[in-house]
Amino acid sequence: MNISISILINQTICNFFEQNYQVNIPQDKIVIQKTKPEFEGDFTLVCFGFTPFTRKSPDITANEIGEFLTNNCEFITDFNVIKGFLNLTIANKYWIDFASDNISNAKFGFAPELSKGKIVIEFSSPNTNKPLHLGHVRNNLLGHSIAAILSADGFDVKKVNLINDRGIHICKSMLAWLKWGNGETPATSGLKGDHLIGKYYVLFDQKYKAQIAELEATGIIKEIAEKQAPLIIEAQEMLVKWENNDSETRKTWELLNSWVYDGFEKTYQQMGIEFDKIYYESNTYTIGKSLVQEGLQSEIFNKKEDGSVWVDLTSDGLDEKLLLRGDGTSVYMTQDLGTAQLRHNDFLPEKMIYVVGNEQNYHFDVLKIILFKKMGLDWAGGIKHLSYGMVELPSGKMKSREGTVVDADELMDEMIRDAKAQTIEKGKIDQFTTEEAQELFKTIGLGALKYFILKVDPKKNMMFNPEQSIDLTGNTAPFIQYTHARISSLLDKACFNSKNAQEIPQIISNISIEKSELEILRQIHEFPTIISESSANYSPALLANYIYDLVKLYNSFYQEKPILKEEDESKRIFRIAISQITRTTIKNGMKLLGIEVPNKM
RNA sequence: GGCCCCGUGGCUCAAUUGAAUAGAGUAUCUGACUACGGAUCAGAAGGUUCCAGGUUUGAAUCCUGGCGGGGUCACCA
């Protein structure tokens with residue numbers, strides 16, 4: 001018995017309209033929702049939309065449908081009508097079967113197979129001139145989680161990372177290191193590779209600003225000074241050398257980048273993130289360049305007198321966009337064209353999702369229009385920009401060049417330290433080994449961070465206050481983790497095992513379900529729907545808030561009806577079943593958010 | 001200035017995409033640990049959903065116009 005109850009109701013309603021009113025009722029008129037706790041019933045049918053078809057008042061219509069459903073649908077035992085809302089009561093048997101069927105299903109809620117096509121999702125996409133910061137953290141967590149959710153919903157998901165390892169910003173770091181670095185390495189400095197290079201990026205900016213100030217002092221206006229400063233000219237020369245494959249430049253570049261990759265790898269590992277494939281812009285930009293050349297020949301693009309190449313998007317309401325500089329070097333868009341083509345060749349996906357901040361909305365509009373409309377590539381219709389909002393600090397926006405960033409590594413370390421301090425204070429880990437304890441601090445600290453970020457709607461800007469540490473009580477991961485650990489511990493004590501699981505249907509077949517139990521089952525029942533909705537909306541937030549509601553519901557139920565106290569054996573077993581399936585749901589849901597749930601803590 | 005996004009109790013966020021009395025956490029106040037995990041639970045207080053119109057059985061949600069905040073309009077990425 002796995003057919004969803006809402007599909008069953010839906011079909012019966014269609015039959016009702018066919019038989020009594022000879023109409024095919026449009027699907028979007030059938031609105032079924034969970035009944036609010038203050039009313040009697042399990043599911044609610046909203047009947048206002050039916051009045052044009054029945055030509056009767058919503059209440060009368062609702063009553064007619066209620067009669068029909070109770071007579072024709074074996075699982076609906078009762079109904080009531082309040083102001084045009086038809087509340088339906090589902091038979092106990094349905095809920096008992098639901099609990100019995102899923103009690104030992106470790107993959108509850110997940111699509112049984114990959115049946116929905118291939119998706120490539122790009123996220124993270126760091127620059128190699130500085131370490132990852134809080135903005136990247138949001139990006140990485142969203143990308144990782146959405147990939148997991150899509151996969152649970154039945155898509156074949158490939159996670160890719162595009163490393164921006166070339167361009168003027170890299171030259172800035174390289175130049176500063178060559179000039180003032182004295183051959184400093186991660187080993188000699190004791191710094192993580194990405195942090196070391198980031199230091200020189202900041203240094204470049206300081207020295208560059210100083211040069212601009214000097215020039216301005218001689219009466220040169222700012223805009224000119226910014227272009228004439230010797231440092232920026234040197235950096236630009238270096239970029240040309242790099243694109244011309246100058247061996248010295250390439251050697252330095254490879255050395256510095258290798259340090260940065262080591263650093264990134266550690267950060268990803270700590271975050272629990274991995275990729276199926278890593279692309280490097282230094283490999284893809286040439287493909288972009290040749291695409292631009294092709295487009296130039298077929299006259300989709302045009303060349304200006306100085307040699308720069310442009311695309312005219314005024315007919316699409318946008319403006320002209322640069323595709324190649326006058327000196328022949330490529331820009332951001334150039335390589336993104338190449339990367340998209342390469343990625344399509346590699347995977348032939350139905351969709352390509354880009355997890356990139358909303359500051360680049362315009363860029364992705366342009367990218368899609370060029371590939372899809374201008375170049376006529378059908379597959380580009382599957383490009384989707386998953387745009388997320390910025391993480392703001394109380395002091396305003398983060399600026400990496402000005403050092404007002406929250407560093408990803410430091411943030412994670414701090415979360416783990418906080419978790420450690422608070423866990424030790426609770427004094428519940430005395431029997432843990434040192435390794436187990438360390439693992440637990442990490443699970444709690446990083447869980448808190450991940451959940452804090454993922455529970456917010458991706459498209460919205462969010463506020464992060466580094467002054468006050470992230471809560472470990474309330475709507476947080478530790479609260480959910482704690483509940484999971486507690487359920488696990490209780491189930492152990494209740495001597496639940498797989499043998500019982502098989503007997504459960506008989507044991508509990510005749511019990512009556514209480515309202516609080518029913519609410520939990522109803523909530524769990526929705527889990528597969530929530531996964532597919534999260535997947536359709538690209539929103540882990542939906543899932544996160546669902547899990548929180550479930551945990552809260554379970555906690556108040558448990559407080560009121562302890563599972564070990566009940567004397568009636570079948571009732572006790574039923575509560576064990578509810579706890580068991582709740583635990584699975586929490587675990588599976590948190591897994592899709594990339595958050596571990598310990599069995600004890 | 002053009003275009004895009006956001007505006008919900010003091011603060012941080014929800015609201016199943018148009019449904020019933022707008023929900024949680026936090027902070028404040030009150031109460032509950034001699035069965036099992038108190039990182040918990042129950043209760044109180046806190047709202048003109050930025051403003052003004054409109055659409056309809058129904059609007060935080062949709063449309064129009066304001067106001068406020070952010071983003072973007074680079075031969076930066």
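Here is how names work: the chains are called A, B, and so on, in the same order as the sequence lines, proteins then strands, and each is numbered from 1. As a basis for the values below, the full set of heavy atoms in this structure was taken, side chains included, without hydrogen atoms, waters or symmetry mates.
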Visitor: If you look at every strand shown and take non-hydrogen atoms under 4.0 Å, does A/Q360 touch a base, only sugar-phosphate, or nothing?
Guide: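 The residue A/Q360 makes base contact.
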Visitor: Rounded to the nearest 0.5 Å, what's the gap from CD1 on A/I278 to CG on A/N283? Could you check?
Guide: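 Separation between the atoms: 12.0 Å.
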Visitor: Rounded to the nearest angstrom, tell me the gap between atom OH in A/Y558 and atom P in B/rU40.
Guide: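 Answer to the nearest Å: 13 Å.
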Visitor: For B/rU72, give its Watson-Crick or G-U wobble partner with both distances under 3.5 Å, or none.
Guide: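 B/rU72 is paired with B/rG2.
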Visitor: I want to check one thing: is the phosphate of B/rU26, taken as OP1 and OP2, less than 4.0 Å away from some side-chain N or O of A/T473?
Guide: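 So the side-chain polar atoms of A/T473 do come within 4.0 Å of the phosphate oxygens OP1 or OP2 of B/rU26, strictly under.
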Visitor: Whole-Å distance between B/rA14 C1' and A/I480 CD1?
Guide: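 Going from CD1 in A/I480 over to C1' in B/rA14 covers 13 Å.
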Visitor: At under 4.0 Å, does any side-chain N or O of A/K83 touch on OP1 or OP2 of B/rU21?
Guide: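 For B/rU21, OP1 or OP2 has a side-chain N or O of A/K83 closer than 4.0 Å.
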Visitor: Taking the side chain of A/N545 as its heavy atoms from C-beta onward, which of B/rA20, B/rA14, B/rU40 lies nearest to it?
Guide: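 The answer is B/rA14.
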Visitor: Please report whether the ring centroid of A/W253 lies less than 6.0 Å from that of A/Y280.
Guide: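 No; A/W253 has its ring centre 6.0 Å or more from that of A/Y280.
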Visitor: Base, sugar-phosphate, or nothing: which does A/G167 touch, judged by heavy atoms less than 4.0 Å apart?
Guide: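 Since no nucleic acid heavy atom lies under 4.0 Å of A/G167, the category is nothing.
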Visitor: Starting at atom CD of A/E281, determine the distance to atom P of B/rA77, rounded to an integer number of angstrom.
Guide: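 It works out to 9 Å between those atoms.
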Visitor: First locate atom CD1 of A/I520, then atom OH of A/Y554, and finally report the distance between them rounded to the nearest 0.5 Å.
Guide: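 The distance works out to 7.0 Å.
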Visitor: Regarding A/A541, tell me which of base, sugar-phosphate or nothing describes its non-hydrogen contacts under 4.0 Å with the strands shown.
Guide: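 Contact class for A/A541: none.
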Visitor: Ring centres of A/Y332 and A/H363 under 6.0 Å apart?
Guide: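 Yes, they do, as the ring centres are separated by less than 6.0 Å.
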Visitor: If I pick the C1' atom on B/rG46 and the same atom on B/rU12, what distance separates them, to the nearest angstrom?
Guide: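 Pairwise C1' distance, B/rU12 against B/rG46, rounds to 16 Å.
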Visitor: Touch check for A/K459, heavy atoms < 4.0 angstrom, all strands: base, sugar-phosphate only, or nothing?
Guide: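 Sugar-phosphate contact only.
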Visitor: Determine the Euclidean distance between corresponding P atoms of B/rA59 and B/rA52; express it in Å to zero decimal places.
Guide: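 About 15 Å, rounded to a whole number of Å.
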Visitor: Looking at A/E243 and A/K289, does any basic side-chain N land under 4.0 Å from a carboxylate oxygen?
Guide: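 The answer is yes: the pair qualifies as a salt bridge.
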Visitor: For A/M462, which contact category applies under a 4.0 Å heavy-atom criterion: base, sugar-phosphate, or nothing?
Guide: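 Since only primed, P, OP1 and OP2 atoms lie under 4.0 Å of A/M462, the category is sugar-phosphate.
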Visitor: Between B/rU40, B/rG71, B/rA20, which nucleotide has the shortest distance from any of its atoms to the side chain of A/T35?
Guide: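 Nearest to the side-chain atoms of A/T35, counting from C-beta on, is B/rA20.
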Visitor: With RNA chain B as reference, determine whether A/L490 or A/K552 sits nearer its 5' end, using the nearest nucleotide of each.
Guide: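 The residue closer to the strand's 5' end, by nearest nucleotide, is A/K552.
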Visitor: Toward the 5' end of RNA chain B, which comes first, A/F452 or A/F479, by nearest nucleotide?
Guide: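 The residue closer to the strand's 5' end, by nearest nucleotide, is A/F452.
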Visitor: Expressed as a whole number of Å, how far does the C1' atom of B/rG25 sit from that of B/rA14?
Guide: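 About 10 Å, rounded to a whole number of Å.
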Visitor: Is the closest basic N to carboxylate O distance between A/K442 and A/E596 below 4.0 Å?
Guide: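 Salt bridge flag = no for A/E596 with A/K442.
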Visitor: Write down the distance separating the C1' atoms in B/rU56 and B/rG68, rounded off to the nearest Å.
Guide: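 Looking at atom C1' only, B/rU56 and B/rG68 are 30 Å apart.
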Visitor: Between B/rA77, B/rC41, B/rA14, which one does the side chain of A/R325 approach most closely?
Guide: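 Within the option list, the nearest is B/rA77.
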Visitor: In whole Å, what is the span from the CD1 atom of A/I563 to the C1' atom of B/rU40?
Guide: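 One finds 15 Å between C1' of B/rU40 and CD1 of A/I563, rounded.
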Visitor: With a 4.0 Å cut-off on heavy atoms, is A/T51 in touch with a base, just the backbone sugar-phosphate, or nothing at all?
Guide: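 If one applies the 4.0 Å heavy-atom cut-off, A/T51 turns out to touch nothing in the nucleic acid.
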Visitor: Please determine, for the side chain of A/E533, which listed nucleotide (B/rA20, B/rG70, B/rU17) has the closest atom?
Guide: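 Looking only at side-chain atoms, A/E533 lies closest to B/rU17.
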Visitor: What is the distance, rounded to the nearest whole Å, between atom CG of A/L542 and atom C1' of B/rA14?
Guide: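 Rounded to whole Å, this separation is 10 Å.
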Visitor: Going by the glycosidic torsion and a 90 degree boundary from 0, is the base of B/rU17 oriented syn or anti?
Guide: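 Because its glycosidic torsion lies within 90° of 0, B/rU17 adopts the syn conformation.
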Visitor: For B/rU64, give its Watson-Crick or G-U wobble partner with both distances under 3.5 Å, or none.
Guide: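 For B/rU64, the partner nucleotide comes out as B/rA52, under the 3.5 Å rule.
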Visitor: Going by ring centres under 5.5 Å and near-parallel planes (under 30°), is A/F85 stacked on B/rA19?
Guide: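 No; by the centre-distance and plane-angle rule, A/F85 does not count as stacking on B/rA19.
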Visitor: Is a salt bridge present between A/R572 and A/E569, judged by a nitrogen-to-oxygen distance below 4.0 Å?
Guide: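 Between A/E569 and A/R572 there is a salt bridge, with a charged N closer than 4.0 Å to a carboxylate O.
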Visitor: Could you measure between the two C1' atoms, the one in B/rG31 and the one in B/rA22, and give it in whole Å?
Guide: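 Here B/rG31 and B/rA22 have their C1' atoms 27 Å from each other.
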Visitor: Rounded off to whole Å, could you give me the CD-to-P distance for the A/E560 and B/rG38 pair?
Guide: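 Rounding to the nearest Å, CD of A/E560 and P of B/rG38 are 16 Å apart.
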Visitor: At less than 3.5 Å, do the side-chain atoms of A/S556 and the base atoms of B/rA42 form a donor-acceptor pair?
Guide: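 No.
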Visitor: NA contact type, A/E526, heavy-atom cut-off 4.0 Å: base, sugar-phosphate, or nothing?
Guide: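 Result for A/E526 = base.
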Visitor: Tell me what A/S308 touches on the nucleic acid: a base, only sugar-phosphate, or nothing, going by heavy atoms under 4.0 Å.
Guide: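 Base contact.
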Visitor: Should A/F48 be counted as stacked on B/rA19, where stacking needs a ring-centre gap under 5.5 Å and an angle between planes under 30 degrees?
Guide: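 So A/F48 counts as stacking on the base.
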Visitor: Could you check which of B/rU72, B/rG38, B/rA20 has an atom nearest any side-chain atom of A/Y482?
Guide: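 So the side chain of A/Y482 is nearest to B/rG38.
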Visitor: For A/D457, report the nucleic acid contact type (base, sugar-phosphate, nothing); a contact means any heavy atom under 4.0 Å.
Guide: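 Answer is sugar-phosphate: A/D457 comes under 4.0 Å of backbone atoms only.
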Visitor: Tell me which nucleotide among B/rC36, B/rU40, B/rU26 gets nearest to the side chain of A/D471.
Guide: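 When the side chain of A/D471 is considered, B/rU26 is the closest of B/rC36, B/rU40, B/rU26.
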Visitor: Using a 6.0 Å distance limit plus a 45 degree cone around the ring axis, check whether A/R138 lies over the aromatic ring of A/Y388.
Guide: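 Checked: cation-pi criterion not met.
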Visitor: Is there a donor on the side chain of A/N555 or the base of B/rA42 sitting less than 3.5 Å from an acceptor on the other?
Guide: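 There is none.
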Visitor: Nearest whole angstrom, please: distance from the C1' of B/rC3 to the CG of A/L313.
Guide: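 Atom-to-atom, A/L313 to B/rC3, this comes out as 14 Å.
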Visitor: Rounded to whole Å, please give me the gap between NZ in A/K36 and P in B/rA24.
Guide: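 Those two atoms, NZ and P, are 11 Å apart.
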Visitor: Are A/K209 and A/E226 ion-paired here, with the side-chain N under 4.0 Å from a carboxylate O?
Guide: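 The answer is no: the pair does not qualify as a salt bridge.
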Visitor: So what does A/N87 touch, heavy atoms closer than 4.0 Å: a base, only the sugar-phosphate, or nothing?
Guide: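 Result for A/N87 = base.
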Visitor: Quick one: label A/N537 by what it contacts on the DNA or RNA (base, sugar-phosphate, nothing), any heavy atom closer than 4.0 Å.
Guide: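 Counting heavy atoms under 4.0 Å across all strands, the contact made by A/N537 includes a base.
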Visitor: In whole Å, measure the gap between the P atoms of B/rU61 and B/rG9 for me.
Guide: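 Nearest-Å result for B/rU61 against B/rG9 at atom P: 15 Å.
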Visitor: Base, sugar-phosphate alone, or nothing: which one does A/V456 contact when heavy atoms must sit under 4.0 Å apart?
Guide: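 Sugar-phosphate contact only - A/V456 comes under 4.0 Å of backbone atoms but never of a base.
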Visitor: Who is the Watson-Crick or G-U wobble partner of B/rG18, with both distances under 3.5 Å?
Guide: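 B/rG18 is unpaired by these criteria.
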Visitor: Going from CD on A/Q236 to CD1 on A/I168, what distance comes out if it is rounded to the nearest 0.5 angstrom?
Guide: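 Answer rounded to 0.5 Å: 5.0 Å.
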Visitor: What's A/T44 touching, base or sugar-phosphate or nothing? Going by heavy atoms closer than 4.0 Å.
Guide: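 Contact class for A/T44: base.
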Visitor: What contact category does A/F39 fall into here, base, sugar-phosphate, or nothing, at under 4.0 angstrom with non-hydrogen atoms?
Guide: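 If one applies the 4.0 Å heavy-atom cut-off, A/F39 turns out to touch a base.
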Visitor: Expressed in whole Å, how much space separates the P atoms belonging to B/rU16 and B/rC62?
Guide: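 Between the two P atoms, the distance is 12 Å.
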Visitor: In whole angstrom, give me the gap between the P atoms of B/rU48 and B/rU8.
Guide: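 Approximately 13 Å lies between the P atom of B/rU48 and that of B/rU8.
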Visitor: Quick one: look up who B/rU28 pairs with, Watson-Crick or G-U, both distances under 3.5 Å, and put none if it's unpaired.
Guide: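 B/rU28 is paired, partner B/rA44.
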